Amino acid sequence: MPEKPYDHNQIELKWHERWQNADFYKAEENSAKPKYYVLEMLPYPSGTLHIGHIRNYAIGDALARYKWMRGFNVLHPMGWDAFGLPAENAAIQNNRPPRDWTLQNIAAMKKTHRRFGFSYDWDREVATCEPEYYRWNQWFFLKMLERGLAYRKRALLNWCPKCATVLANEQVVDGCCWRHEDTAVEQRALEQWFLKITDYAEQLLEDIAQLEGGWPERVLTMQRNWIGRSEGTEADFKLAGAGEPIRVFTTRVDTIYGATCVIIAPEHPLNENLLDGAGKARAKAMVDGRANRDPADIEKEGFFTGHYALNPYSGEKVPVWIGNFVLMGYGTGAIMAVPAHDERDFEFCTKYGIPIRPVIRAVDGALAVNPKQAFTDDGIVENSGPWSGLPSDEARRKMSAYAAQKGFGKAAITYRIKDWGISRQRYWGTPIPVIHCPKCGIVPVPENQLPVVLPDRIEITGSGRSPLENVPNFVNVPCPKCGEAARRETDTMDTFIDSSWYFYRYCDPRNDRMPFDPVKIAYWFEIDQYIGGVEHAILHLIYSRFFTKMMRDIGLIRNSEPARRLFTQGMVIAEGAKMSKSKGNVIGADSLAEKFGADTARMFVLFAAPPEKEVDWRNEGAEGIYRFLGRVYRFATRNLGRVDFPAPNDTDRKVRRKLHQTLKKITEDFETRWHFNTCISSVMELVKVLYAEEDKISAQPMCEAIQMLALMLAPFAPYLSQEIWDELGNQGPVFRQAWPSFDPELAKEDEAEVVVQVNGKLRGRIHVPFGTPVQELESRARSDEKVKPFLEGKQIVKVIPVPDKLVNFVVR
RNA sequence: GCGGGCAUGGCGGAACUGGCAGACGCGCCAGACUUAGGAUCUGGUUCCCGAAAGGGAGUGGAGGUUCAAGUCCUCUUGCCCGCACCA
């Protein structure tokens, strides 16, 4: 066969068409093969397919293809973005609810992704975008409502003015909306739906231990911090006079005899009664003053309320202050200030001349008033009535127990994580399936009336109230209980609900009786490998862990964690900044693919850097990959069907060695660290050798080389591999072939190259058989022509021979 | 402030366990084939000295451990990420 030019358009178009309706991507459930569930969670926000997406896909797709070839039964659906944000963006543009568009969008994405040769099980993906998926979101919601895991309350909530909706705490980044990084989040008091993720705080924290090793340490640390468990004591300070007691939370109850005042958060509900009009105004100013500011820049401020409270342990009467550094969102929203033993209290009390009274002595030191700073370590309790003389930890235990016994407090564990606010006043998302009846209160929509679907035509108001409120035949419904006129809930669910369990639905996408069949889940779960950006660390990855535990507790599944292993690929940044539409630095992948083809685009992304590393993207250099693929293709075509091969000779061994070395390298990388950049470079080296020895290679190794090239490139460049595979006269998709195994004997070099150093400097190299004894190694090295001059006239102090590797002479 | 990461040619990066620093690619330089090439093939390319052989220096900086350090230790500089008045 004569050499063919590498026409990527023609090759990719041909296979693109043939693969359109092919079903070989589909997993074979319950087959006898070992199973492997690989899933990518996509970087958002998208709209267009950009280099960041391609990177994510290319990594996961390479792994999936490799696993297929290793004989695994692979479930490889795409990530969740398809029904998430693009749907929202489209809803904005089209002034319509996202359902139809989502399906259209999926079809478009399907096309694009197929074009890049990504091998997903698309039927599963599409299933999670259909309105039917709403039904099961609602079903889960009702289950949670039954169990008290979903509830409604009035609270201060994060409000994004651009989205005109509330946000969960996890969706606030540096005081701004996660979707609008330049828009400050406001606080609004609203009645909203919450999921009780705090009920699972302890488990979410504990089970992190199970993920150790499989998940990046960084993500686990972020989750630990986010959950933020701390053990301490709650205690009531009764007001001197009438009024509700002030409950404080402290981790250092052992220092309570040193409490010289009580400080309340400015937005604390007690202030309603505690403060006069002027006081309330000051408190409000404080709340506003610290909004969206770096705490380090805010000076501690406060004022005396005019009230006093009683220390429940000592009976001491202490002033009650308002302080801007006390957070309503943590603990009880009130603290006892122990300036001698807490830095913040120290700073505050020093400023306002509140007394500082030490009650902890360092274990090896005297009780001393340090006028400069607080002593925050544990020590021995002093001047604390009956507790004096106890070590801090013992005092804490006994004093907590005492509080419980006397009824003014208890040992308490506080978490930083708060319940998940899921209400959204958007015109997309799953409607929350409840009805507000003036008589019966909140009434769940009966299960057989699910799903509650969005009305077809919606007018955007942007008013901050749900646009659904303006659709009478959506809102006005009879109460399912009493039949009287009632109102349907108009809030919709956070789209993070969708993403919390979509990967379960993938296992059973057409089920219309349950969210999924537990038997199928038991087969596929846990996810073997989840791949995505680190930006999901505390949003999606906490929510989906919570959902998994919830589903386990309602008896649907058995696993406690969704994914065994998580790989966080590095972000693709452009011009030093994260790619985002608002910055206008999104680099589309299409131009690259148009110019050089999908194979080149995918492979170039993998070649640019190891997958875990962040890359600052530039398109220069793609030619290198394109040239390489051309070299491979031309080499294969001109040698296929050639008849004038030389007889078997020495070169064959050399070529086969390189072949098996390359295969070894790639195989080992897939099994361990996924450094596909070096995998690709080793194939380049192989091709270099093939070019150099082309005329000398005999028929059999040539055939082997071409076949192996097709197979080992299949995870990275599917179209080209498939084309070569086809030219070789084979049937079927190349990535359903067996991954070639390497022969470790063939991969070995004949001789060891031993480096000779004199005083650590390279002076020569010798070739010896493997396993040459050290004495011989030394004498061979000593007599080497290059080395000799550096030894002459010198005294050899020491010789360090390392078998098969190196000899170092230490001379004087 | 606390916690984590990174630093290697003109550029992306390689060197996985301490043992040849700069694989592979881009870019650049030269040659071959060509009417021509932005196609293809071959060779060169860390820096300095040298025509060459060769020599010297060299992995952000300063020290240390070691026969041997990009890799380990201490300090330091710069950049990036996470958390942050969490009581």
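Quantities reported herein were computed from a predicted structural model and do not represent experimental measurements. Residue numbers begin at 1 in each chain, while the letters A, B, ... track the order of the sequences.
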A.B. asks: With heavy atoms under 4.0 Å as the rule, sort A:Gln757 into base, sugar-phosphate or nothing.
C.D. replies: base
A.B. asks: Report the residue (A:Arg218 or A:Lys798) whose heavy-atom-nearest nucleotide on RNA chain B is the more 5′ of the two.
C.D. replies: A:Lys798
A.B. asks: Using the glycosidic torsion, which applies to B:G9: syn (within 90° of 0) or anti (everything else)?
C.D. replies: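 You should classify B:G9 as syn.
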A.B. asks: Relative to the 5' end of RNA chain B, which residue comes earlier, A:Lys805 or A:Gly624, by the nucleotide with the nearest heavy atom?
C.D. replies: A:Lys805
A.B. asks: Is there a side-chain contact between A:Asn324 and A:Val287, using heavy atoms and a 4.5 Å cut-off?
C.D. replies: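 No, too far: nothing below the 4.5 Å cut-off.
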A.B. asks: Quote, to the nearest angstrom, the P distance that separates B:G9 from B:A30.
C.D. replies: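 The answer is 26 Å between these two P atoms.
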A.B. asks: Under 4.0 Å, heavy atoms only, any strand: does A:Ile538 hit a base, just the sugar-phosphate, or nothing?
C.D. replies: sugar-phosphate
A.B. asks: With rounding to the closest Å, how many angstrom separate the C1' atoms on B:C33 and B:U40?
C.D. replies: 8 Å
A.B. asks: With the side chain of A:Arg634 defined as its heavy atoms from C-beta on, choose the nearest nucleotide among B:C67, B:A23, B:C41.
C.D. replies: B:C41
A.B. asks: Identify whether any heavy atom of A:Asn808 sits under 4.0 Å from a base atom; if not, whether one sits that close to sugar-phosphate; answer base, sugar-phosphate or nothing.
C.D. replies: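 Answer is base: heavy atoms of A:Asn808 come under 4.0 Å of a base.
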A.B. asks: What is the base-pairing partner of B:C72, counting Watson-Crick and G-U wobble geometry with both distances under 3.5 Å?
C.D. replies: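 Across all strands, the one nucleotide that pairs with B:C72 is B:G64.
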A.B. asks: Any base atoms under 4.0 Å from A:Lys418, or only sugar-phosphate, or nothing? Heavy atoms, all strands.
C.D. replies: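 Counting heavy atoms under 4.0 Å across all strands, no contact is made by A:Lys418.
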A.B. asks: Between B:G13 and B:U66, how far apart are the two C1' atoms, rounded to whole Å?
C.D. replies: 29 Å
A.B. asks: With a 4.0 Å cut-off on heavy atoms, is A:Val326 in touch with a base, just the backbone sugar-phosphate, or nothing at all?
C.D. replies: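 Since a base atom lies under 4.0 Å of A:Val326, the category is base.
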A.B. asks: Which part of the nucleic acid, if any, lies within reach of A:Pro610 when heavy atoms closer than 4.0 Å are counted: base, sugar-phosphate only, or nothing?
C.D. replies: sugar-phosphate
A.B. asks: Counting side-chain heavy atoms from C-beta on, which of B:C24, B:G13, B:A23 comes nearest to A:Thr678?
C.D. replies: B:A23
A.B. asks: Going by modelled atom types, is there a donor-acceptor pair between the base of B:C83 and the side chain of A:Asn225 at under 3.5 Å?
C.D. replies: no
A.B. asks: When rounded to the nearest Å, what value does the distance between P atoms of B:C16 and B:G3 take?
C.D. replies: 30 Å
A.B. asks: Mind checking if A:Phe635 touches a base, just sugar-phosphate, or nothing, with heavy atoms under 4.0 Å?
C.D. replies: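 If one applies the 4.0 Å heavy-atom cut-off, A:Phe635 turns out to touch nothing in the nucleic acid.
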A.B. asks: Given B:G13, B:C85, B:C24, identify the nucleotide with an atom nearest to the side chain of A:Leu327.
C.D. replies: B:C85
A.B. asks: B:A87 P sits how many Å from A:Ile413 CD1, rounded?
C.D. replies: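 These atoms are roughly 13 Å apart.
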A.B. asks: Could you check which nucleotide pairs with B:A7 in any of the strands shown, counting Watson-Crick or G-U wobble with both distances under 3.5 Å?
C.D. replies: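 Partner of B:A7: B:U77.
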A.B. asks: From the list B:A23, B:C85, B:U40, which nucleotide is the closest neighbour of the side chain of A:Arg627?
C.D. replies: B:U40
A.B. asks: Among the candidates B:C26, B:C20, B:C16, find the nucleotide nearest to the side-chain atoms of A:Arg765.
C.D. replies: B:C20
A.B. asks: Parallel, tilted or perpendicular for A:Phe249 and A:Tyr330, by the 30°/60° rule?
C.D. replies: perpendicular
A.B. asks: For B:C20 versus B:G12, give the span between their P atoms, rounded off to a whole number of Å.
C.D. replies: 24 Å
A.B. asks: Between B:G13, B:A87, B:C20, which nucleotide has the shortest distance from any of its atoms to the side chain of A:Asp342?
C.D. replies: B:A87
A.B. asks: From B:G25, B:A87, B:A15, pick the nucleotide closest to the side chain of A:Tyr330?
C.D. replies: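 The listed nucleotide nearest to A:Tyr330's side chain is B:A87.
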A.B. asks: Quick check against the 3.5 Å criterion: does A:Thr260 have a side-chain atom that pairs as donor or acceptor with the backbone of A:Pro355?
C.D. replies: yes
A.B. asks: Just call it for A:Arg224: base, sugar-phosphate, or nothing, with non-hydrogen atoms closer than 4.0 Å on any strand.
C.D. replies: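 Answer is nothing: A:Arg224 stays at 4.0 Å or more from every strand.
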A.B. asks: If I take atom NZ in residue A:Lys300 and atom C1' in nucleotide B:G1, what distance separates them, rounded to the nearest angstrom?
C.D. replies: 11 Å
A.B. asks: Does B:A87 have a Watson-Crick or wobble partner in any strand here, with both distances under 3.5 angstrom, and which is it?
C.D. replies: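 Base partner found: none.
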A.B. asks: With a 6.0 Å cut-off on the ring centroids, do A:Phe237 and A:Phe408 count as close?
C.D. replies: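 Aromatic pair excluded; centres sit 6.0 Å or further apart.
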A.B. asks: Using a 4.0 Å heavy-atom cut-off across all strands, classify A:Tyr691 as base, sugar-phosphate, or nothing.
C.D. replies: sugar-phosphate
A.B. asks: Rounded to whole angstrom, note down the C1' distance from B:A14 over to B:A7.
C.D. replies: 16 Å
A.B. asks: Using 30° and 60° as the class boundaries, would you call the ring planes of A:Tyr626 and A:His8 parallel, tilted or perpendicular?
C.D. replies: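 Perpendicular.
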A.B. asks: Could you give the distance separating B:C47 and B:U59 at their C1' atoms, to the nearest angstrom?
C.D. replies: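 It works out to 13 Å between them.
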A.B. asks: Rounding to an integer number of Å, can you tell me how far A:Lys761 NZ sits from B:U66 C1'?
C.D. replies: 17 Å
A.B. asks: Whom does B:G58 pair with, Watson-Crick or G-U wobble, provided both distances fall under 3.5 Å?
C.D. replies: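 Across all strands, not a single nucleotide pairs with B:G58.
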A.B. asks: Which pair of non-hydrogen atoms, one from A:Gly333 and one from A:Val326, has the smallest distance, and what is that distance?
C.D. replies: O-CG1, 3.5 Å
A.B. asks: Quick check against the 3.5 Å criterion: does A:Asn271 have a side-chain atom that pairs as donor or acceptor with the backbone of A:Pro266?
C.D. replies: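 Checked: pair present.
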A.B. asks: How long is the line joining CG of A:Asp669 and C1' of B:C24, in whole Å?
C.D. replies: 14 Å
A.B. asks: Could you state the CZ-P distance from A:Phe716 to B:G25, rounded to the nearest angstrom?
C.D. replies: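 After rounding, the reported distance stands at 16 Å.
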A.B. asks: Does B:A14 have a Watson-Crick or wobble mate here (both distances under 3.5 Å), and if so which one?
C.D. replies: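 None - no nucleotide pairs with B:A14, as no candidate has both distances under 3.5 Å.
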A.B. asks: If I compare all heavy atoms of A:Phe716 with all of A:Arg602, which pair ends up nearest, and what's the gap?
C.D. replies: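 What the structure gives for the nearest pair is O-NE, 3.5 Å.
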A.B. asks: Check every atom of B:G25, B:G82, B:A14 against the side chain of A:Lys688 and return the nucleotide holding the closest atom.
C.D. replies: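 Of B:G25, B:G82, B:A14, B:G25 is nearest to the side chain of A:Lys688.
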A.B. asks: Tell me: NZ of A:Lys613 to C1' of B:U8, nearest whole Å?
C.D. replies: 10 Å
A.B. asks: Applying a 4.0 Å non-hydrogen cut-off, can you work out what A:Glu753 is touching in the nucleic acid: base, sugar-phosphate, or nothing?
C.D. replies: base
A.B. asks: Under a 3.5 Å limit for both distances, which nucleotide forms a Watson-Crick or G-U wobble pair with B:A32, could you say?
C.D. replies: B:U40
A.B. asks: In whole Å, what is the span from the CD atom of A:Glu614 to the P atom of B:G4?
C.D. replies: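 Taking atom P of B:G4 as the reference, CD of A:Glu614 is at 20 Å.
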A.B. asks: I'd like the C1' distance from B:C73 over to B:C2, given in whole Å.
C.D. replies: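 Pairwise C1' distance, B:C2 against B:C73, rounds to 23 Å.
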A.B. asks: Compare the minimum distances between each of B:C80, B:G56, B:C24 and the side chain of A:Met684, then state the nucleotide with the smallest one.
C.D. replies: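 Ranking B:C80, B:G56, B:C24 by closest atom to the A:Met684 side chain puts B:C24 first.
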A.B. asks: Report the relative orientation of the aromatic rings in A:Phe325 and A:Phe348; use parallel for angles under 30°, tilted for 30 to 60°, perpendicular for over 60°.
C.D. replies: tilted
A.B. asks: Taking CD1 from A:Ile256 and C1' from B:A87, how many angstroms apart are they, rounded to a whole number?
C.D. replies: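 Taking atom C1' of B:A87 as the reference, CD1 of A:Ile256 is at 12 Å.
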A.B. asks: Tell which nucleotide pairs with B:G27, taking only Watson-Crick or G-U wobble pairs whose two distances are both under 3.5 angstrom.
C.D. replies: B:U45
A.B. asks: Counting only side-chain heavy atoms from C-beta out, which of B:G54, B:G55, B:C41 sits nearest to A:Arg631?
C.D. replies: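 From the listed options, B:C41 comes nearest.
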